[in-house]
Number of protein chains: 2
Amino acid sequence: MTDVKKPRRRPRSDGQRNREHLLAVAKAAFTMGEVDIALDDVARRAGVGIGTLYRHFPSRDALIEAVYRVELDRLAEAAPVLAAQHPPVEALRAWMRLFVDYIAAKQVIAPALNGLVSGTGALYAQSGDILKAAANDLVSTAVAAGDLRDDIEPLDLLRALAGVSNFAAGPGWESSAKRLVDILIAGSRTSVS
Amino acid sequence: MTDVKKPRRRPRSDGQRNREHLLAVAKAAFTMGEVDIALDDVARRAGVGIGTLYRHFPSRDALIEAVYRVELDRLAEAAPVLAAQHPPVEALRAWMRLFVDYIAAKQVIAPALNGLVSGTGALYAQSGDILKAAANDLVSTAVAAGDLRDDIEPLDLLRALAGVSNFAAGPGWESSAKRLVDILIAGSRTSVS
DNA sequence: ATATATACGGAGGAGTACTCCGTTTAACAA
DNA sequence: TTGTTAAACGGAGTACTCCTCCGTATATAT
């Protein structure tokens, strides 16, 4: 039990302001197509030096994770709400559709999902765990109710979804994404002839 | 119909040799983990100048596509064979499992699938079309036989599969990938209570 | 006012993708 | 064989990116 670091001073206001500016700029850029924006640009647009950016976010991945953290957490929080409103399987379906909606609304989830799901490493690890836990709850509830096969891996459903999320291009992609959700749900049910 | 360009000379042997060396080196590198290998390195290992590499493959993506072309084509060619050997639905299942096997054998499909499936643009466009056509045949045969719902989008199944392919890490990933194939098939069947 | 922990800025090191163009060479004809 | 020429080569150079380092500035606390 090492003791928690006791902050001897209140955090500096300019530091927090800059951090928020950076996040806002980065999110705006990512939301537009500019996923590959140079970090120098992010710093310039936020009105800070590049050194400041790197102090707040020690790597590009750290910045990306910070940007998406809010969105991913919101998605995770929706799970218990849906679970309370719907029967188990429908709650899961609704939650998976929420993914699709988020992507449709340019809520910038897709790249985060990819990072989360691909083996890139510790990146997104924390948000990822929350998300996985949410999926786990929904699935195990449905399994316990006897509606879903008991060999369903929640993470696999997420992975499959990430595959579709990968590209939000082409007309009708949204409806085809929702169709896939139905396929996944149907295929996960207990009663399959 | 513009006339086909009549080559006034036979292609130079050194050119073809170098092209093959480059492909071999790149494939070897990609097959190991070195996806981010510098193109300078590829050129050096192949014993050619960087200029030569860029003449043969005008961009990094062009090189990657060329490397995976062979594998993707082989996968596409397996489709009619499987269709001849199995009833429709089982042919589709077998083909989807083939994806998993390829990935498991470090056959380097996963990144190609991602590129194919993500909206990166024309990259992989050609190989992608072949693959899509193969999937289309398998699915529409099964649909015609009345075994699969008629609203199944072959490409969506591929996308979902790509999601799992994304990471071939963690113990037991292979079996969970095959389980997902079963889920997708089950969910695509006509008779769902 | 003074002290000091905290944060800032941006030049610069290191590395990569890709271009340009003078040089070399394989193919072919005489 | 030898000359001609289209095709291919090589690698220095350009442009750009990520990230580090460290001297300077400033918010907080006394």
Side-chain angles (χ1 to χ4, degrees), chain A residues 3-26 29-30 32-67 111 115 120-124, chain B residues 3-27 29-30 32-68 111 115 120-124:
Chain A
D3 48 0
V4 178
K5 199 167 294 169
K6 182 211 269 185
R8 311 173 61 78
R9 287 188 180 189
R10 171 156 60 89
R12 279 176 56 160
S13 54
D14 55 347
Q16 296 215 313
R17 258 202 323 275
N18 283 336
R19 187 190 163 85
E20 273 154 31
H21 281 162
L22 285 166
L23 277 176
V25 167
F30 294 157
M32 323 286 283
E34 311 177 87
V35 187
D36 289 340
I37 189 173
L39 293 191
D40 300 33
D41 275 351
V42 175
R44 196 172 315 119
R45 290 186 196 177
V48 304
I50 183 65
T52 296
L53 186 154
Y54 272 93
R55 199 169 331 92
H56 284 293
F57 309 101
S59 73
R60 182 187 196 83
D61 286 344
L63 175 61
I64 297 177
E65 150 132 51
V67 167
T120 318
L123 170 60
Y124 300 111
Chain B
D3 49 0
V4 178
K5 198 167 294 167
K6 184 212 276 189
R8 312 175 59 80
R9 286 189 180 188
R10 169 157 63 89
R12 279 176 57 159
S13 54
D14 55 346
Q16 297 215 314
R17 256 202 323 276
N18 283 337
R19 187 190 163 84
E20 273 154 31
H21 281 162
L22 285 166
L23 277 177
V25 167
K27 175 168 181 178
F30 294 157
M32 322 287 282
E34 311 178 87
V35 187
D36 289 339
I37 188 172
L39 294 191
D40 300 30
D41 274 351
V42 175
R44 195 170 318 119
R45 292 185 196 176
V48 304
I50 184 65
T52 296
L53 186 154
Y54 271 92
R55 197 168 333 92
H56 284 294
F57 309 101
S59 73
R60 181 187 196 81
D61 286 345
L63 174 61
I64 297 178
E65 150 131 52
V67 166
Y68 293 137
T120 319
L123 171 58
Y124 300 110

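Side-chain atoms are counted along with the backbone in the values below, which use heavy atoms only and exclude waters and symmetry mates.
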**Student:** Any residue in residues 47-57 of chain A with a heavy atom nearer than 4.0 angstrom to DNA chain D? Just list them by number, or reply none.
**Tutor:** A:I50, A:Y54

**Student:** Identify the 5'-most and 3'-most nucleotides of DNA chain D with at least one atom closer than 4.0 Å to a non-hydrogen atom of chain B.
**Tutor:** D:dT5 to D:dA12

**Student:** For B:E20, check side chain to side chain donor-acceptor pair (under 3.5 Å) against everything at least two apart and list the hits.
**Tutor:** none

**Student:** Who passes side chain to side chain contact (heavy atoms under 4.5 Å, CB included) against A:R55, sequence neighbours left out?
**Tutor:** A:T52

**Student:** Side chains of B:H21 and B:V48, heavy atoms from C-beta outward: is any pair under 4.5 Å?
**Tutor:** no

**Student:** Can you sort out the partners of B:R12 under side chain to side chain donor-acceptor pair (under 3.5 Å), two or more places apart, ordered by chain and number?
**Tutor:** B:D14

**Student:** Are any of the side-chain heavy atoms of B:F57 and B:R19 separated by less than 4.5 Å?
**Tutor:** yes

**Student:** Quick one: CE on B:M32 to NZ on B:K27, what's the gap to the nearest 0.5 Å?
**Tutor:** 13.5 Å

**Student:** Which pairs pass salt bridge (charged side-chain N to carboxylate O under 4.0 Å, His left out) with one or both residues in residues 42-54 of chain B, sequence neighbours excluded?
**Tutor:** B:E34-B:R45, B:D41-B:R44

**Student:** What distance separates A:L63 CG from A:F30 CZ, expressed to the nearest 0.5 Å?
**Tutor:** 5.0 Å

**Student:** On the nucleotide C:dC8, are OP1 or OP2 found under 4.0 Å from the side-chain N or O atoms that A:N18 carries?
**Tutor:** yes

**Student:** Could you pick out which residue, A:I37 or B:G15, lies toward the 5' side of DNA chain D when each is mapped onto its nearest nucleotide?
**Tutor:** B:G15

**Student:** Output one line per pair: protein atom, nucleotide atom from nucleotides 26-30 of chain C, and distance, for all N/O pairs under 3.5 Å.
**Tutor:**
from, atom 1, to, atom 2, distance (Å)
C:dA26, O4', B:R12, NE, 3.4
C:dA27, OP1, B:S13, N, 3.1
C:dA27, OP1, B:S13, OG, 3.4
C:dC28, OP1, B:R10, N, 3.0

**Student:** What pairs with B:D40 under side chain to side chain donor-acceptor pair (under 3.5 Å), at least two apart in sequence or on another chain?
**Tutor:** none

**Student:** Output all residues satisfying side chain to side chain contact (heavy atoms under 4.5 Å, CB included) with B:Y54, sequence neighbours left out; order by chain, then residue number.
**Tutor:** B:L39, B:I50

